[in-house]
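Every chain is numbered from 1, with letters handed out A, B, ... down the list of sequences. Just so it is clear, the structure is predicted and the values come from calculations on it, not from any experiment. Atom set for the values below is all heavy atoms of this structure, side chains included, hydrogens, waters and symmetry mates excluded.
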Amino acid sequence: MLGLKFVSENLELIKEKLALRKMKVDLGAFFAMVEERKALLQESESLKYEKNQASAKIAKLPPNQRSQSPLIADMRKVSEKIKGLDARLSDVDADLKDVLMTLPNLPHSSVPAGDGEQDNVVVRTWGEKPEFGFTPKQHFELGEELGILDFERGAKITGARFTLQCGLGARMERALINLMLDVHTTEHGYTEVLPPFIVNDTTMTGTGQLPKFEDDLFKLEGLNYYLIPTAEVPVTNIYAGEILPAEELPKYFAAYTPCFRKEAGSYGKDVRGLIRQHQFNKVELVKFCAQEDSYDELEKLLRNAETILQMLGIHYRVVNLCTADLGFSAAKTYDIEVWLPGQNAYREISSCSNFEDFQARRANIRCKGKGDNKTRLVHTINGSGLAVGRTLVAILENFQLEDGSVIIPDVLRKYTGGVEKIALT
RNA sequence: GGAGGGAUGGCCGAGUGGCUUAAGGCGGCGGUCUUGAAAACCGUUGGGCGAAAGUUCCGUGGGUUCAAAUCCUACUCCCUCCGCCA
(Lines give C-alpha, C1' and ligand atoms only; values in the text may rest on other atoms or scores of the structure.)
Protein backbone atom coordinates (compact mmCIF):
# COMPACT_ATOMS: atom_id res chain seq x y z
CA MET A 1 0.00 0.00 0.00
CA LEU A 2 1.14 3.51 -0.74
CA GLY A 3 0.67 6.17 1.92
CA LEU A 4 -2.45 8.37 1.84
CA LYS A 5 -0.42 11.52 2.23
CA PHE A 6 2.09 10.51 -0.42
CA VAL A 7 -0.60 9.65 -2.96
CA SER A 8 -2.62 12.80 -2.39
CA GLU A 9 0.48 14.99 -2.78
CA ASN A 10 1.90 13.18 -5.83
CA LEU A 11 -1.03 12.36 -8.08
CA GLU A 12 0.90 13.07 -11.30
CA LEU A 13 3.91 11.00 -10.29
CA ILE A 14 1.64 8.07 -9.42
CA LYS A 15 -0.10 8.29 -12.78
CA GLU A 16 3.25 8.33 -14.57
CA LYS A 17 4.74 5.43 -12.65
CA LEU A 18 1.66 3.27 -12.95
CA ALA A 19 1.49 3.95 -16.68
CA LEU A 20 4.89 2.21 -16.82
CA ARG A 21 3.13 -0.82 -15.36
CA LYS A 22 0.51 -0.57 -18.10
CA MET A 23 -2.07 0.60 -15.58
CA LYS A 24 -4.43 3.47 -16.06
CA VAL A 25 -5.78 5.01 -12.92
CA ASP A 26 -8.26 7.76 -12.37
CA LEU A 27 -7.51 9.53 -9.13
CA GLY A 28 -9.86 12.49 -9.55
CA ALA A 29 -12.42 11.12 -7.13
CA PHE A 30 -9.62 10.23 -4.78
CA PHE A 31 -8.52 13.83 -4.49
CA ALA A 32 -12.05 14.98 -3.69
CA MET A 33 -12.30 12.36 -0.96
CA VAL A 34 -9.03 13.49 0.58
CA GLU A 35 -10.39 17.04 0.77
CA GLU A 36 -13.63 15.88 2.33
CA ARG A 37 -11.75 13.81 4.85
CA LYS A 38 -9.70 16.80 5.92
CA ALA A 39 -12.79 18.97 6.41
CA LEU A 40 -14.63 16.29 8.37
CA LEU A 41 -11.67 15.66 10.60
CA GLN A 42 -11.26 19.33 11.43
CA GLU A 43 -14.90 19.85 12.27
CA SER A 44 -15.18 16.68 14.30
CA GLU A 45 -12.07 17.46 16.30
CA SER A 46 -13.10 20.99 17.16
CA LEU A 47 -16.50 19.74 18.34
CA LYS A 48 -14.80 17.11 20.44
CA TYR A 49 -12.72 19.82 22.03
CA GLU A 50 -15.89 21.69 22.88
CA LYS A 51 -17.44 18.55 24.29
CA ASN A 52 -14.43 17.77 26.45
CA GLN A 53 -14.41 21.27 27.88
CA ALA A 54 -18.12 21.08 28.70
CA SER A 55 -17.74 17.65 30.27
CA ALA A 56 -15.10 18.98 32.61
CA LYS A 57 -17.44 21.77 33.65
CA ILE A 58 -20.33 19.38 34.21
CA ALA A 59 -18.09 17.19 36.33
CA LYS A 60 -17.32 20.14 38.60
CA LEU A 61 -20.99 21.00 39.23
CA PRO A 62 -22.51 19.74 42.46
CA PRO A 63 -24.43 16.52 41.65
CA ASN A 64 -27.83 18.04 42.41
CA GLN A 65 -27.36 20.78 39.82
CA ARG A 66 -26.11 18.59 37.02
CA SER A 67 -29.36 17.41 35.56
CA GLN A 68 -30.69 20.95 35.09
CA SER A 69 -27.53 22.28 33.47
CA PRO A 70 -28.17 23.70 30.00
CA LEU A 71 -24.77 22.30 29.09
CA ILE A 72 -26.24 18.82 29.03
CA ALA A 73 -28.85 19.71 26.46
CA ASP A 74 -26.24 21.48 24.36
CA MET A 75 -23.87 18.60 24.51
CA ARG A 76 -26.57 16.18 23.49
CA LYS A 77 -26.78 18.03 20.17
CA VAL A 78 -23.03 18.31 19.83
CA SER A 79 -22.63 14.60 20.45
CA GLU A 80 -25.21 13.81 17.80
CA LYS A 81 -23.35 15.95 15.36
CA ILE A 82 -20.02 14.34 16.17
CA LYS A 83 -21.54 10.93 15.68
CA GLY A 84 -22.75 11.90 12.22
CA LEU A 85 -19.43 13.40 11.22
CA ASP A 86 -17.48 10.41 12.46
CA ALA A 87 -19.75 7.99 10.64
CA ARG A 88 -19.23 9.88 7.40
CA LEU A 89 -15.50 10.06 8.13
CA SER A 90 -15.16 6.33 8.57
CA ASP A 91 -17.01 5.79 5.27
CA VAL A 92 -14.63 8.13 3.49
CA ASP A 93 -11.65 6.48 5.16
CA ALA A 94 -12.85 3.07 4.07
CA ASP A 95 -13.34 4.26 0.48
CA LEU A 96 -9.89 5.80 0.43
CA LYS A 97 -8.39 2.63 1.80
CA ASP A 98 -10.16 0.56 -0.83
CA VAL A 99 -8.50 2.62 -3.52
CA LEU A 100 -5.09 2.51 -1.84
CA MET A 101 -5.28 -1.24 -1.26
CA THR A 102 -5.71 -1.95 -4.94
CA LEU A 103 -2.94 0.35 -6.19
CA PRO A 104 0.26 -1.57 -6.95
CA ASN A 105 3.69 -0.49 -5.79
CA LEU A 106 5.66 2.03 -7.84
CA PRO A 107 8.61 0.67 -9.81
CA HIS A 108 12.06 1.75 -8.60
CA SER A 109 14.11 3.98 -10.92
CA SER A 110 16.50 1.09 -11.69
CA VAL A 111 13.67 -1.01 -13.15
CA PRO A 112 13.73 -1.09 -16.97
CA ALA A 113 10.60 0.21 -18.68
CA GLY A 114 8.96 -2.44 -20.83
CA ASP A 115 5.83 -4.06 -22.18
CA GLY A 116 6.41 -7.66 -21.21
CA GLU A 117 8.79 -10.56 -20.67
CA GLN A 118 10.83 -9.72 -23.77
CA ASP A 119 11.90 -6.43 -22.17
CA ASN A 120 13.42 -7.97 -19.05
CA VAL A 121 17.14 -7.23 -18.87
CA VAL A 122 19.72 -9.97 -18.35
CA VAL A 123 22.01 -8.81 -15.56
CA ARG A 124 24.49 -11.68 -15.56
CA THR A 125 24.87 -15.36 -16.31
CA TRP A 126 26.73 -18.05 -14.39
CA GLY A 127 28.17 -21.26 -15.79
CA GLU A 128 27.54 -22.63 -19.25
CA LYS A 129 24.98 -24.69 -21.05
CA PRO A 130 26.00 -28.34 -20.80
CA GLU A 131 26.77 -30.24 -24.01
CA PHE A 132 25.10 -33.58 -24.65
CA GLY A 133 26.09 -36.19 -27.19
CA PHE A 134 22.41 -37.11 -27.42
CA THR A 135 19.07 -35.32 -27.29
CA PRO A 136 18.42 -34.45 -23.65
CA LYS A 137 15.05 -35.51 -22.30
CA GLN A 138 12.59 -33.43 -20.35
CA HIS A 139 12.43 -34.05 -16.62
CA PHE A 140 9.03 -35.72 -16.69
CA GLU A 141 10.21 -38.37 -19.14
CA LEU A 142 13.29 -39.05 -17.01
CA GLY A 143 11.29 -39.02 -13.79
CA GLU A 144 8.65 -41.42 -15.05
CA GLU A 145 11.17 -43.80 -16.56
CA LEU A 146 13.20 -43.81 -13.34
CA GLY A 147 10.05 -44.39 -11.30
CA ILE A 148 10.60 -41.35 -9.09
CA LEU A 149 7.81 -39.11 -10.43
CA ASP A 150 4.30 -40.52 -10.74
CA PHE A 151 2.03 -37.98 -12.39
CA GLU A 152 -0.84 -40.38 -13.07
CA ARG A 153 -1.22 -41.46 -9.49
CA GLY A 154 -0.83 -37.90 -8.27
CA ALA A 155 -3.73 -36.95 -10.51
CA LYS A 156 -5.71 -39.95 -9.29
CA ILE A 157 -5.23 -39.08 -5.64
CA THR A 158 -6.11 -35.42 -6.08
CA GLY A 159 -6.29 -34.08 -9.63
CA ALA A 160 -4.34 -32.30 -12.30
CA ARG A 161 -1.13 -30.55 -11.22
CA PHE A 162 -0.53 -32.84 -8.25
CA THR A 163 2.34 -35.32 -8.28
CA LEU A 164 3.41 -38.33 -6.27
CA GLN A 165 7.16 -38.48 -5.72
CA CYS A 166 8.64 -41.88 -4.88
CA GLY A 167 11.92 -43.25 -3.59
CA LEU A 168 14.77 -40.98 -4.60
CA GLY A 169 12.20 -38.59 -6.05
CA ALA A 170 10.97 -37.94 -2.53
CA ARG A 171 14.41 -38.15 -0.97
CA MET A 172 15.90 -35.65 -3.42
CA GLU A 173 13.18 -33.19 -2.50
CA ARG A 174 14.02 -33.57 1.18
CA ALA A 175 17.76 -33.41 0.46
CA LEU A 176 17.36 -30.14 -1.41
CA ILE A 177 15.30 -28.60 1.37
CA ASN A 178 17.97 -29.56 3.89
CA LEU A 179 20.83 -28.29 1.75
CA MET A 180 19.14 -24.95 1.20
CA LEU A 181 18.21 -24.43 4.84
CA ASP A 182 21.65 -25.48 6.04
CA VAL A 183 23.48 -23.14 3.68
CA HIS A 184 21.29 -20.14 4.40
CA THR A 185 21.28 -20.60 8.17
CA THR A 186 24.92 -21.53 8.71
CA GLU A 187 26.63 -19.53 5.94
CA HIS A 188 24.32 -16.60 5.19
CA GLY A 189 23.09 -15.67 8.67
CA TYR A 190 19.38 -16.47 8.32
CA THR A 191 17.31 -17.71 11.24
CA GLU A 192 15.25 -20.78 10.44
CA VAL A 193 11.51 -20.53 11.07
CA LEU A 194 8.71 -23.02 10.51
CA PRO A 195 5.52 -20.97 10.19
CA PRO A 196 1.87 -22.03 9.92
CA PHE A 197 0.90 -23.13 6.41
CA ILE A 198 -2.59 -21.73 6.89
CA VAL A 199 -3.10 -18.03 7.55
CA ASN A 200 -5.99 -15.64 8.11
CA ASP A 201 -7.23 -12.86 5.83
CA THR A 202 -5.44 -10.09 7.72
CA THR A 203 -2.12 -11.80 7.14
CA MET A 204 -2.92 -12.29 3.44
CA THR A 205 -3.76 -8.60 3.18
CA GLY A 206 -0.50 -7.61 4.87
CA THR A 207 1.69 -8.95 2.09
CA GLY A 208 -0.66 -7.92 -0.74
CA GLN A 209 -2.36 -11.19 -1.78
CA LEU A 210 -5.70 -9.80 -0.66
CA PRO A 211 -7.99 -8.16 -1.56
CA LYS A 212 -6.97 -8.29 -5.23
CA PHE A 213 -5.78 -11.84 -5.80
CA GLU A 214 -8.24 -14.02 -3.95
CA ASP A 215 -8.77 -16.09 -7.11
CA ASP A 216 -5.23 -17.43 -6.90
CA LEU A 217 -5.66 -18.73 -3.37
CA PHE A 218 -7.09 -21.87 -1.83
CA LYS A 219 -9.55 -20.83 0.85
CA LEU A 220 -10.78 -23.16 3.58
CA GLU A 221 -14.51 -23.55 3.37
CA GLY A 222 -16.49 -21.54 5.88
CA LEU A 223 -13.39 -20.00 7.46
CA ASN A 224 -11.31 -16.88 6.98
CA TYR A 225 -8.31 -19.15 6.51
CA TYR A 226 -6.21 -19.67 3.42
CA LEU A 227 -3.44 -22.06 2.38
CA ILE A 228 -0.27 -20.03 1.91
CA PRO A 229 0.92 -19.45 -1.67
CA THR A 230 4.45 -18.76 -0.37
CA ALA A 231 6.23 -18.58 3.00
CA GLU A 232 6.60 -14.86 2.34
CA VAL A 233 3.07 -14.45 3.68
CA PRO A 234 3.41 -15.90 7.20
CA VAL A 235 7.05 -14.92 7.63
CA THR A 236 6.69 -11.27 6.63
CA ASN A 237 3.74 -11.06 9.00
CA ILE A 238 5.77 -12.30 11.96
CA TYR A 239 6.19 -8.68 13.00
CA ALA A 240 2.82 -7.33 11.82
CA GLY A 241 1.72 -4.48 14.07
CA GLU A 242 5.04 -4.33 15.90
CA ILE A 243 7.69 -1.67 16.39
CA LEU A 244 11.15 -3.22 16.24
CA PRO A 245 14.23 -1.74 17.91
CA ALA A 246 16.25 -0.29 15.00
CA GLU A 247 19.45 -1.79 16.40
CA GLU A 248 18.03 -5.28 15.77
CA LEU A 249 17.78 -4.68 12.02
CA PRO A 250 18.37 -6.20 9.60
CA LYS A 251 16.62 -9.44 10.48
CA TYR A 252 16.98 -12.47 8.21
CA PHE A 253 14.65 -15.47 8.13
CA ALA A 254 14.70 -18.67 6.11
CA ALA A 255 11.65 -20.91 5.99
CA TYR A 256 10.76 -24.12 4.27
CA THR A 257 7.06 -24.48 3.47
CA PRO A 258 4.85 -26.11 0.92
CA CYS A 259 3.08 -23.54 -1.27
CA PHE A 260 -0.45 -23.79 -2.63
CA ARG A 261 -1.62 -21.92 -5.71
CA LYS A 262 -4.71 -22.23 -7.84
CA GLU A 263 -2.83 -21.18 -10.97
CA ALA A 264 -6.01 -19.66 -12.30
CA GLY A 265 -5.54 -18.45 -15.85
CA SER A 266 -2.64 -20.79 -16.60
CA TYR A 267 -4.70 -23.42 -18.40
CA GLY A 268 -2.66 -25.12 -21.08
CA LYS A 269 0.65 -23.80 -19.71
CA ASP A 270 3.24 -26.29 -18.49
CA VAL A 271 0.64 -29.00 -18.26
CA ARG A 272 3.22 -31.76 -18.05
CA GLY A 273 5.70 -32.19 -15.27
CA LEU A 274 6.65 -30.48 -12.06
CA ILE A 275 7.02 -26.95 -13.35
CA ARG A 276 3.56 -25.68 -12.47
CA GLN A 277 1.86 -27.49 -9.58
CA HIS A 278 -0.94 -26.60 -7.21
CA GLN A 279 1.32 -27.71 -4.37
CA PHE A 280 5.09 -27.32 -4.35
CA ASN A 281 7.91 -26.92 -1.88
CA LYS A 282 10.00 -23.82 -1.47
CA VAL A 283 12.66 -22.42 0.82
CA GLU A 284 12.03 -18.73 1.20
CA LEU A 285 14.33 -15.95 2.40
CA VAL A 286 12.77 -12.92 4.09
CA LYS A 287 14.45 -9.78 5.38
CA PHE A 288 13.37 -6.80 7.45
CA CYS A 289 15.71 -3.83 7.22
CA ALA A 290 16.08 -0.08 7.53
CA GLN A 291 14.86 1.93 4.56
CA GLU A 292 18.31 3.11 3.48
CA ASP A 293 19.68 -0.46 3.34
CA SER A 294 17.03 -2.25 1.33
CA TYR A 295 18.63 -2.15 -2.11
CA ASP A 296 21.95 -3.44 -0.75
CA GLU A 297 20.08 -6.13 1.12
CA LEU A 298 18.23 -7.13 -2.05
CA GLU A 299 21.54 -7.63 -3.89
CA LYS A 300 22.86 -9.74 -1.01
CA LEU A 301 19.73 -11.85 -0.84
CA LEU A 302 19.92 -12.45 -4.58
CA ARG A 303 23.54 -13.63 -4.21
CA ASN A 304 22.48 -15.92 -1.37
CA ALA A 305 19.89 -17.57 -3.61
CA GLU A 306 22.38 -17.86 -6.49
CA THR A 307 24.82 -19.65 -4.20
CA ILE A 308 22.59 -22.72 -4.15
CA LEU A 309 22.66 -23.11 -7.92
CA GLN A 310 26.41 -22.51 -7.94
CA MET A 311 26.90 -25.25 -5.36
CA LEU A 312 24.81 -27.59 -7.47
CA GLY A 313 26.76 -26.51 -10.56
CA ILE A 314 23.80 -25.53 -12.70
CA HIS A 315 23.91 -22.80 -15.34
CA TYR A 316 21.54 -19.85 -14.83
CA ARG A 317 21.02 -16.20 -15.59
CA VAL A 318 19.69 -13.30 -13.54
CA VAL A 319 17.16 -10.92 -15.08
CA ASN A 320 15.91 -7.54 -13.89
CA LEU A 321 12.16 -7.63 -14.47
CA CYS A 322 10.77 -4.76 -16.52
CA THR A 323 7.95 -2.53 -15.31
CA ALA A 324 5.20 -4.54 -17.01
CA ASP A 325 6.41 -7.83 -15.48
CA LEU A 326 6.68 -6.65 -11.87
CA GLY A 327 4.41 -8.22 -9.27
CA PHE A 328 1.77 -6.13 -7.52
CA SER A 329 3.69 -5.47 -4.30
CA ALA A 330 7.24 -5.24 -5.64
CA ALA A 331 9.26 -2.11 -6.40
CA LYS A 332 12.01 -4.15 -8.03
CA THR A 333 12.42 -7.84 -8.80
CA TYR A 334 15.26 -10.02 -10.02
CA ASP A 335 14.34 -13.44 -11.33
CA ILE A 336 16.89 -16.22 -11.36
CA GLU A 337 16.26 -18.34 -14.44
CA VAL A 338 17.79 -21.78 -14.53
CA TRP A 339 18.80 -23.53 -17.72
CA LEU A 340 16.70 -26.57 -18.61
CA PRO A 341 18.34 -28.52 -21.47
CA GLY A 342 15.34 -30.80 -21.92
CA GLN A 343 13.11 -27.80 -22.54
CA ASN A 344 15.91 -25.87 -24.22
CA ALA A 345 14.83 -22.84 -22.21
CA TYR A 346 15.55 -20.75 -19.14
CA ARG A 347 12.87 -21.06 -16.44
CA GLU A 348 12.27 -19.02 -13.31
CA ILE A 349 13.55 -20.77 -10.20
CA SER A 350 13.65 -17.78 -7.84
CA SER A 351 12.14 -14.35 -7.64
CA CYS A 352 13.86 -11.82 -5.37
CA SER A 353 12.06 -8.57 -4.63
CA ASN A 354 12.33 -5.37 -2.69
CA PHE A 355 8.90 -4.24 -1.54
CA GLU A 356 10.27 -1.11 0.10
CA ASP A 357 7.60 0.01 2.62
CA PHE A 358 4.64 -1.31 0.60
CA GLN A 359 4.09 -4.44 2.70
CA ALA A 360 5.33 -2.80 5.89
CA ARG A 361 2.59 -0.16 5.60
CA ARG A 362 -0.09 -2.77 5.02
CA ALA A 363 1.12 -5.00 7.84
CA ASN A 364 2.13 -2.03 10.02
CA ILE A 365 5.72 -3.12 10.66
CA ARG A 366 7.89 -0.32 11.97
CA CYS A 367 11.19 0.30 13.69
CA LYS A 368 12.39 2.89 16.12
CA GLY A 369 15.71 4.06 17.50
CA LYS A 370 19.09 5.06 16.13
CA GLY A 371 19.70 8.72 15.32
CA ASP A 372 16.51 10.72 15.63
CA ASN A 373 14.61 7.99 17.51
CA LYS A 374 11.64 8.40 15.14
CA THR A 375 9.24 5.58 14.36
CA ARG A 376 9.31 4.64 10.69
CA LEU A 377 8.27 1.81 8.43
CA VAL A 378 10.81 -0.94 7.74
CA HIS A 379 11.52 -2.25 4.27
CA THR A 380 10.78 -5.87 3.44
CA ILE A 381 12.64 -8.04 0.95
CA ASN A 382 12.21 -11.63 0.01
CA GLY A 383 13.19 -14.24 -2.49
CA SER A 384 13.05 -17.94 -3.15
CA GLY A 385 16.14 -19.72 -2.06
CA LEU A 386 15.00 -21.77 -4.08
CA ALA A 387 11.84 -23.33 -5.48
CA VAL A 388 12.56 -26.96 -4.60
CA GLY A 389 10.53 -28.79 -7.26
CA ARG A 390 12.00 -26.72 -10.04
CA THR A 391 15.49 -27.33 -8.65
CA LEU A 392 14.83 -31.06 -8.90
CA VAL A 393 13.70 -30.51 -12.48
CA ALA A 394 16.96 -28.68 -13.20
CA ILE A 395 19.06 -31.46 -11.70
CA LEU A 396 17.27 -34.15 -13.68
CA GLU A 397 17.64 -32.31 -16.96
CA ASN A 398 21.19 -31.02 -16.49
CA PHE A 399 22.79 -34.14 -15.06
CA GLN A 400 21.11 -36.82 -17.16
CA LEU A 401 23.15 -39.46 -18.94
CA GLU A 402 22.39 -41.12 -22.23
CA ASP A 403 21.02 -44.24 -20.49
CA GLY A 404 18.40 -42.16 -18.69
CA SER A 405 20.09 -42.16 -15.30
CA VAL A 406 20.93 -38.95 -13.43
CA ILE A 407 24.07 -38.02 -11.51
CA ILE A 408 23.35 -36.52 -8.08
CA PRO A 409 25.45 -33.38 -7.48
CA ASP A 410 28.25 -33.85 -4.98
CA VAL A 411 26.89 -31.37 -2.40
CA LEU A 412 23.64 -33.32 -2.13
CA ARG A 413 25.15 -36.70 -1.44
CA LYS A 414 25.47 -36.22 2.27
CA TYR A 415 21.70 -35.75 2.26
CA THR A 416 20.96 -38.74 0.04
CA GLY A 417 22.75 -41.21 2.26
CA GLY A 418 25.72 -41.28 -0.08
CA VAL A 419 23.69 -42.26 -3.13
CA GLU A 420 25.44 -40.76 -6.18
CA LYS A 421 23.17 -41.58 -9.03
CA ILE A 422 19.50 -42.06 -9.77
CA ALA A 423 19.24 -45.14 -11.95
CA LEU A 424 16.83 -47.91 -12.81
CA THR A 425 17.30 -50.75 -10.40
C1' G B 1 -17.09 -30.77 22.41
C1' G B 2 -18.60 -29.14 27.91
C1' A B 3 -17.70 -25.75 32.28
C1' G B 4 -15.29 -21.59 34.31
C1' G B 5 -11.68 -17.34 34.35
C1' G B 6 -9.15 -13.46 31.86
C1' A B 7 -7.35 -9.43 28.11
C1' U B 8 -5.01 -2.04 30.80
C1' G B 9 1.41 1.54 28.38
C1' G B 10 8.36 -2.34 27.09
C1' C B 11 6.96 -5.63 31.56
C1' C B 12 4.08 -6.20 36.34
C1' G B 13 -0.22 -4.03 38.09
C1' A B 14 -4.27 -0.32 40.22
C1' G B 15 -8.57 1.47 38.44
C1' U B 16 -17.04 -0.51 38.53
C1' G B 17 -19.57 6.30 35.15
C1' G B 18 -17.11 12.69 35.65
C1' C B 19 -9.80 16.73 37.17
C1' U B 20 -7.72 9.01 34.84
C1' U B 21 -5.57 13.42 28.41
C1' A B 22 -4.44 5.75 33.28
C1' A B 23 -2.00 5.49 40.12
C1' G B 24 2.18 2.69 41.75
C1' G B 25 6.28 -0.49 40.79
C1' C B 26 9.99 -2.72 37.49
C1' G B 27 12.92 -2.03 33.30
C1' G B 28 15.13 1.84 29.82
C1' C B 29 17.31 6.75 29.15
C1' G B 30 19.42 11.52 31.25
C1' G B 31 21.38 13.86 35.63
C1' U B 32 23.35 14.62 40.94
C1' C B 33 26.89 12.15 44.04
C1' U B 34 31.60 8.96 43.06
C1' U B 35 38.58 7.99 41.01
C1' G B 36 35.06 4.44 38.50
C1' A B 37 30.84 1.54 39.49
C1' A B 38 26.82 0.20 42.69
C1' A B 39 23.32 2.26 46.02
C1' A B 40 20.50 6.56 46.96
C1' C B 41 18.13 10.82 45.09
C1' C B 42 16.05 14.00 40.93
C1' G B 43 14.11 14.08 36.11
C1' U B 44 12.41 11.54 31.85
C1' U B 45 10.22 7.38 29.24
C1' G B 46 3.63 4.64 24.17
C1' G B 47 1.24 4.85 19.19
C1' G B 48 -1.87 7.47 15.06
C1' C B 49 -3.43 12.29 12.72
C1' G B 50 -1.79 17.55 12.97
C1' A B 51 2.74 23.15 11.58
C1' A B 52 0.56 23.87 16.29
C1' A B 53 -3.50 24.16 19.43
C1' G B 54 -5.61 19.83 19.83
C1' U B 55 -7.64 15.01 18.96
C1' U B 56 -7.64 9.75 19.26
C1' C B 57 -6.24 4.75 21.18
C1' C B 58 -7.22 0.55 27.92
C1' G B 59 -8.23 -7.12 22.88
C1' U B 60 -11.88 -6.00 18.29
C1' G B 61 -16.70 -4.22 16.43
C1' G B 62 -21.48 -2.25 17.75
C1' G B 63 -24.63 0.11 21.67
C1' U B 64 -26.30 3.12 26.28
C1' U B 65 -24.97 8.20 28.34
C1' C B 66 -24.18 15.22 28.46
C1' A B 67 -19.80 12.02 29.87
C1' A B 68 -17.23 5.00 29.17
C1' A B 69 -10.95 1.63 30.74
C1' U B 70 -15.41 1.47 33.90
C1' C B 71 -22.35 -0.24 31.95
C1' C B 72 -24.79 -3.49 27.76
C1' U B 73 -23.87 -6.62 23.37
C1' A B 74 -21.46 -9.61 19.66
C1' C B 75 -16.84 -11.42 18.32
C1' U B 76 -11.46 -12.72 18.71
C1' C B 77 -7.51 -14.51 21.43
C1' C B 78 -5.31 -16.52 25.99
C1' C B 79 -5.58 -19.48 30.60
C1' U B 80 -7.70 -23.51 33.97
C1' C B 81 -10.61 -28.02 34.54
C1' C B 82 -13.39 -32.25 32.14
C1' G B 83 -13.94 -35.30 27.63
C1' C B 84 -11.59 -36.87 23.05
C1' C B 85 -7.08 -37.16 20.44
C1' A B 86 -1.38 -37.30 16.96
ask   = Out of B:A51, B:C66, B:G48, which nucleotide sits closest to the side chain of A:R366?
value = B:G48
Salt bridge flag under 4.0 Å for residues A:K81 and A:E43 =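 The answer is yes: the pair qualifies as a salt bridge.
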message = Check this for me, if you would: do A:K48 and A:D86 make a salt bridge, where the nitrogen-to-carboxylate-oxygen distance has to be below 4.0 angstrom?
response = yes
Measure from [atom1] on [X] to [atom2] on [N] and round the result to the nearest Å.
{"X": "A:E50", "N": "B:U56", "atom1": "CD", "atom2": "P", "value": "13 Å"}
{"X": "A:L96", "N": "B:C49", "atom1": "CG", "atom2": "P", "value": "15 Å"}
{"X": "A:I243", "N": "B:C11", "atom1": "CD1", "atom2": "P", "value": "12 Å"}

Under 3.5 Å on both distances, the Watson-Crick or G-U partner of [N]:
{"N": "B:G46", "answer": "B:C57"}
{"N": "B:C41", "answer": "B:G31"}
{"N": "B:A23", "answer": "none"}
{"N": "B:A3", "answer": "B:U80"}
{"N": "B:C71", "answer": "B:G63"}

query = Passes side-chain hydrogen bond (donor to acceptor under 3.5 Å, both in side chains), A:E232 versus A:T207? Steps please.
reply = CA-CA 8 Å; A:E232 160 191 350; A:T207 31; 5.1 Å; no
Need one value for [X]: base, sugar-phosphate or nothing, where a base atom within 4.0 Å counts as base even if backbone is also close, heavy atoms only.
{"X": "A:K83", "answer": "sugar-phosphate"}
{"X": "A:K57", "answer": "nothing"}
{"X": "A:I58", "answer": "base"}

query = Once the angle between the rings of A:F162 and A:H278 is folded into 0 to 90°, is it parallel (under 30°), tilted (30 to 60°) or perpendicular (over 60°)?
reply =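 Tilted, since the angle between the ring planes falls between 30° and 60°.
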RNA chain B contacts among residues 39-49 of chain A, heavy-atom distance under 4.0 Å = A:L41, A:E45, A:K48, A:Y49
Answer yes or no: does a side-chain N or O of [X] lie under 4.0 Å from OP1 or OP2 of [N]?
{"X": "A:K368", "N": "B:G47", "answer": "yes"}
{"X": "A:R37", "N": "B:C49", "answer": "no"}
{"X": "A:T375", "N": "B:G47", "answer": "yes"}
{"X": "A:N52", "N": "B:A67", "answer": "no"}

ask   = Applying salt bridge (Lys or Arg N to Asp or Glu O under 4.0 Å), which residue pairs with at least one partner in residues 279-289 of chain A are found, sequence neighbours left out?
value = A:K282-A:E284, A:K287-A:E297
inquiry  = Under a plain distance cut-off of 3.5 Å, with no hydrogens placed, do A:N304 and A:Y252 share a side-chain donor-acceptor pair?
reply    =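 No pair is found: no donor N or O on one side chain lies under 3.5 Å from an acceptor on the other.
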key: Over 12 foreign heavy atoms within 6.0 Å of NZ, A:K22   =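 Yes, because the 6.0 Å sphere around NZ of A:K22 holds more than 12 heavy atoms from other groups.
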